[in-house]
Amino acid sequence: MAEAAVQVDSRWLPDMEFIKQELQRQDPTLLSVGVALIVVLLSFVLWKILRGSRISRRAVLLVGVCDSGKTLLFNRLLTGTYKKTQTSITANTAAYKVKSDKGSSLTLVDLPGHESLRFQFLEQYKASARALLFVVDSSAFQREVKEVAELLYQLLTDVEIQKNAPPILLACNKQDISMAKSAKLVQQQLEKELNTLRVTRSAAPSTLESSNSGVTQLGKKGKDFDFTQLPMKVEFLECSTRDSKEEDGDANISNVEGWLAKLVW
């Protein structure tokens with residue numbers, strides 16, 4: 001067996017010696033240029049692959065708990081007009097042309113906010129998510145903070161979402177209402193609540209943790225949680241889908257439109 005192996009290997013020796021001699025004959029400058037061209041070509045191919053993967057994810061998922069204003073924001077972005085809405089029981093999808101000179105478009109997907117439906121539709125659309133637009137009812141945030149944090153925690157610890165790392169905007173909606181919390185306060189309270197959830201979940205029995213293979217660690221161990229620890233960029237903005245004086249008046253969503261425009265290359 002050893003002799004056979006030596007014979008097989010020895011058949012390659014003349015070819016290897018030929019290649020070695022040919023390389024030694026070449027001008028070093030030409031070799032350098034050749035290597036540089038190969039590196040550039042490989043870099044271009046890798047860039048095309050990564051860009052193609054990103055372009056294939058064109059959906060912006062509107063998520064949030066019930067009555068946060070997702071569907072009205074969805075309609076405002078598409079038509080600019082007010083439309084009475086009701087709790088969604090299925091996903092709404094539509095092409096959205098961004099407000100920029102590029103004239104590019106994204107697909108807006110309004111996911112149901114009801115607890116019994118939200119994750120069913122999230123599983124269906126998360127692989128195509130270019131970004132997540134998480135809508136928060138700023139006027140009801142104080143009483144809904146735990147539910148909002150729970151939903152956000154499940155999104156942020158999802159393995160596929162962490163892998164793709166889509167940018168996330170938390171749109172603090174209903175700023176036209178006097179009791180609405182500011183974006184800064186919403187961020188601070190969510191960081192505290194998410195930190196508490198992380199501690200609680202990490203203390204759960206290992207059998208429960210290991211049974212959920214679709215969940216990963218949130219933030220950095222040994223440090224209080226904040227959004228800068230995440231692999232994706234998270235931003236907070238204030239907006240209002242209604243006018244403070246009349247519900248069908250002008251909306252204040254220009255900053256959301258600006259964020260959507262930045263998603264397009």
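FYI, the numbering just counts along the sequence from 1. Predicted model only: the values in this text are computed from it and were never measured. The analysis underlying the following values was restricted to heavy atoms, covering all of them including side chains, and did not include hydrogens, waters or symmetry mates.
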Nearest heavy atoms of Ile161 and Met232, plus distance in Å:
O-CE, 3.9 Å

Gln229 CD to Arg198 CZ distance, which is reported to the nearest 0.5 Å:
6.0 Å

Contacts of Glu238 meeting side chain to side chain donor-acceptor pair (under 3.5 Å) (sequence neighbours excluded), chain-then-number -> none

Side chain to side chain, Leu155 and Leu122, heavy atoms closer than 4.5 Å:
yes

Determine the minimum heavy-atom distance between Leu237 and Asn255, stating which atoms define it.
CD1-O, 3.6 Å

With no hydrogens and no angle check, is any side-chain donor or acceptor of Arg58 less than 3.5 Å from a backbone partner on Ser105?
yes

Go through the steps to decide whether Val109 and Val60 satisfy the test side-chain contact (heavy atoms from CB on, under 4.5 Å), and finish with yes or no.
CA-CA 6 Å; Val109 183; Val60 178; over 6 Å; no

Would you find a donor on one side and an acceptor on the other, under 3.5 Å apart, between the side chain of Ser138 and the backbone of Lys174?
no

Could you check whether Lys262 pairs with Glu235 (Lys NZ or Arg NE/NH1/NH2 to Asp/Glu carboxylate O, under 4.0 Å)?
yes

Any donor-acceptor N/O pair, Asn75 side chain to Thr71 backbone, under 3.5 Å
yes

Given the rule in the side-chain contact (heavy atoms from CB on, under 4.5 Å) test, do Tyr96 and Leu260 qualify, once you have shown the distances and angles that lead to the verdict?
CA-CA 10 Å; Tyr96 168 76; Leu260 289 169; 3.6 Å; yes

First locate atom CD of Gln175, then atom NZ of Lys181, and finally report the distance between them rounded to the nearest 0.5 Å.
11.0 Å

Do the side chains of Leu156 and Leu230 get nearer than 4.5 Å, heavy atoms only?
yes

Rounded to the nearest 0.5 Å, what separation is found between the CG atom of Leu190 and the CG atom of Asn195?
12.0 Å

Ser254 side, atom OG; Lys99 side, atom NZ - distance, nearest 0.5 Å
11.0 Å

What pair of heavy atoms forms the shortest contact from Val135 to Gly69, and how long is it?
CG1-C, 4.2 Å

I need the minimum non-hydrogen distance between Ala165 and Pro231, along with the two atoms involved.
CB-O, 3.8 Å

Heavy-atom distance under 4.5 Å between the side chains of Lys83 and Arg76, does that happen here?
no

Does Gln217 offer a backbone N or O that forms a donor-acceptor pair with the side chain of Gln162 under 3.5 Å?
yes

Report the C-alpha separation of Asn252 and Ser240 in whole Å, then their side-chain angles, then the decisive distance to 0.1 Å, and conclude whether the side chain to side chain donor-acceptor pair (under 3.5 Å) test is met.
CA-CA 5 Å; Asn252 180 15; Ser240 180; over 6 Å; no

What distance do Gln120 atom CD and Leu111 atom CG have between them, rounded to the nearest 0.5 Å?
10.5 Å

Under the side chain to side chain donor-acceptor pair (under 3.5 Å) test, which residues partner Ser68, sequence neighbours left out?
none

Does a side-chain N-to-carboxylate-O contact under 4.0 Å join Arg201 and Glu150?
yes

When you compare the side chain of Trp259 with that of Leu263, does any pair of heavy atoms fall below 4.5 Å?
yes

Look at atom CD of Glu115 and say whether more than 12 heavy atoms of other residues, nucleotides or ligands are closer to it than 6.0 Å.
no

Short N-O contact, Glu147 and Arg118, less than 4.0 angstrom:
yes

Derivation of the side-chain contact (heavy atoms from CB on, under 4.5 Å) call for Leu108 and Leu78
CA-CA 9 Å; Leu108 298 184; Leu78 293 173; 4.1 Å; yes

Nearest-0.5 Å distance, CZ of residue Phe134 to CG of residue Leu170:
6.0 Å

Test side-chain contact (heavy atoms from CB on, under 4.5 Å) on Leu133 and Leu73; report intermediate values, then the result.
CA-CA 10 Å; Leu133 205 175; Leu73 178 58; 4.0 Å; yes

Compare every heavy atom of Ala149 with every heavy atom of Leu197, then report the nearest pair and how far apart it is.
CD1-O, 3.6 Å

With Ser139, which residues qualify under side chain to side chain donor-acceptor pair (under 3.5 Å), at least two apart?
Asp137

Listed partners of Glu193 passing side chain to side chain donor-acceptor pair (under 3.5 Å), at least two apart
Lys146

Looking at every non-hydrogen atom in both residues, tell me the closest pair between Ala261 and Ser100 and how far apart they are.
CB-CB, 4.2 Å

Which pairs count as salt bridge (Lys or Arg N to Asp or Glu O under 4.0 Å) when at least one residue sits in residues 60-74, sequence neighbours excluded?
none

4.5 Å side-chain heavy-atom contact, Leu152 and Leu194:
yes

Determine whether Leu185 and Met179 fall in the same hydrophobic cluster, where Ile, Leu, Val, Met, Phe, Trp and Tyr are linked whenever their side-chain heavy atoms lie under 4.5 Å apart.
no

Do Val63 and Phe121 come close enough that some side-chain heavy atom pair is under 4.5 Å?
no

Between Asn164 and Glu160, is there a side-chain heavy-atom distance shorter than 4.5 Å?
yes

Heavy-atom side-chain contact between Phe225 and Thr196 under 4.5 Å:
no

Sequence neighbours excluded, which residues qualify as ring pair (Phe, Tyr, Trp, His ring centres under 6.0 Å) partners of Phe236?
Phe227

